[in-house]
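What follows is a single structure, written as structure tokens, with notes after it.
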Amino acid sequence: MPTFELGPNQYGKAETRLVRVERAAGGDRITDLNVSVALRGDLAASHLTGDNAAVLPTDTQKNTVYAFAREHGIAGAEGFAARLAEHFVATQPAIHEARVSIEEYPWSPVDAAHTFRRDGGEVRTAVVHHGPYGTQTVSGVKGLVLLKTTGSEFHGYVKDRYTTLPETRDRILATSVDATWRGLEGCPDPAAARAALVEAFADTYSYALQQTLFAMGSRVLQRCPEVVEVRLSLPNRHHFLVDLAPFGLDNPNEVYHAADRPYGLIEGVVRRDGVEIPEEVAWTF
Ligand SMILES: O=c1[nH]c(=O)c2[nH]c(=O)[nH]c2[nH]1
């Protein structure tokens, strides 16, 4: 008779959508979040026998997210996530670790009163793990789309019998930045890190997206002294010059085909030298 055992497990309310309005005479402000809670602890009984004595319902977790937004405000995704994570561990004897992941959707005011415009597809991210190891915060940005029309070359690469790509001394460089960064203590300023990414993409003369990746990660480390590690995932959004010769037209770097796939995917981690970086807490299955 085969026997089975329960492996790692976690549970929680995923994707609680929360919009908070701060009403003010000078113009309202909104915070638009997608909050996911995951809890770990002594939860085997629920899985093995259906004994829910240690289970804080996911519905209650969702209510806690809304109640905390009212009681404590939000004041930054990282702080809000940490407050929630600490609450679940502090108040539930069976819960030893909590992870709160937040996606924040940025909105800009279109007037000085109460109308807003969603800022493209860009998302801010914050993930807080809280447990016996303390509190670890990983901040980030997803879908930050950047493009430069020049200042990018690509040549000198390996050529074999399958290579058709022409070398270029002038190309469009475009990407959609997914980045995370973490610090040794406290939570680094997410706006400063984001600004550093954009600035380095813009002012780095690029011979490869790989080089731009390192420059972007390095700039975050320069600008944010608390950050020890930056992870970047950069799809190369290829823009191919269209051959207009069949129509009797030249194409002096003007008309491009923006290909959506396949795309090169350049990924890497940039770390601060000589600093002991604590192992990242990441729950996986
Ligand atoms: O910046 C680039 N890096 C590459 O590795 C690569 N490969 C490719 O086909 N184009 C590019 N561009």
Side-chain angles (χ1 to χ4, degrees), residues 103 106 119-125 138-182 188 190-224 227-247 249-273 277 280 282 284:
E103 291 194 337
D119 290 342
E122 188 180 331
V123 175
R124 271 262 302 113
T125 60
V138 179
S139 303
V141 66
K142 276 199 309 196
L144 167 60
V145 179
L146 300 172
L147 180 149
K148 57 200 285 180
T149 53
T150 189
S152 167
E153 307 187 10
F154 188 62
H155 47 81
Y157 44 79
V158 172
K159 287 152 200 104
D160 69 8
R161 59 190 286 250
Y162 302 113
T163 303
T164 57
L165 184 75
E167 298 199 329
T168 176
R169 309 270 159 180
D170 191 2
R171 66 172 181 175
I172 284 181
L173 186 65
T175 189
S176 173
V177 180
D178 285 0
T180 59
W181 52 87
R182 63 194 182 102
R194 180 191 177 281
L197 291 169
V198 174
E199 183 191 277
F201 179 86
D203 70 20
T204 301
Y205 191 95
S206 180
Y207 294 94
L209 186 52
Q210 287 89 330
Q211 173 211 357
T212 298
L213 178 149
F214 187 73
M216 293 168 78
S218 303
R219 193 70 61 91
V220 173
L221 293 172
Q222 251 172 32
R223 288 293 152 74
C224 309
V227 174
V228 292
E229 182 184 272
V230 184
R231 291 175 185 232
L232 288 146
S233 177
L234 302 181
N236 193 351
R237 291 201 167 181
H238 303 298
H239 287 66
F240 297 114
L241 207 58
V242 179
D243 179 11
L244 299 175
F247 322 120
L249 297 168
D250 65 354
N251 190 358
N253 283 357
E254 230 179 73
V255 179
Y256 294 85
H257 167 225
D260 73 334
R261 66 190 82 168
Y263 49 88
L265 185 59
I266 313 299
E267 301 180 288
V269 182
V270 186
R271 298 199 178 103
R272 199 174 287 286
D273 242 356
I277 299 177
E280 186 175 1
T284 48

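Just follow the structure's listing: the first ligand is 1, and inside any ligand the first atom is 1. The chain is numbered in sequence order, starting from 1.
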Side chain of Arg124, backbone of Gly140: donor and acceptor closer than 3.5 Å?
yes
Exam field: side chain Thr175 to backbone Asn236, donor-acceptor pair closer than 3.5 Å
no
Identify the protein heavy atom lying closest to atom 9 (O) of ligand 1, giving its residue, its atom name and the separation to 0.1 Å.
Leu165 CD2, 3.5 Å
May I ask you to check whether over 12 heavy atoms, not counting those of Asp273, lie within 6.0 Å of atom CG?
no
Considering non-hydrogen atoms of the protein only, which is the closest contact for atom 6 (C) of ligand 1, and what is the distance?
Phe154 CZ, 3.2 Å
Any heavy atom of Arg171 sitting closer than 4.0 Å to ligand 1?
yes
Check the angle between the aromatic planes of His239 and Tyr256 and answer parallel, tilted or perpendicular using the 30° and 60° thresholds.
perpendicular
Flag, side chain of Asn251 to backbone of Val242, donor-acceptor distance under 3.5 Å
yes
among protein heavy atoms, the one nearest atom 5 (O) of ligand 1 is Gln210 NE2, 2.9 Å
If we only consider heavy atoms of Gly264, is any one of them less than 4.0 Å away from an atom in ligand 1?
no
Checking heavy atoms under 4.0 Å, the part of Asn236 that sits near ligand 1 is side chain
Residue, atom name and distance, where the atom is the protein heavy atom closest to atom 1 (O) of ligand 1
Leu209 N, 2.7 Å
Counting only N and O atoms by type, is there a donor-acceptor contact under 3.5 Å from the side chain of Gln211 to the main-chain atoms of Tyr205?
yes
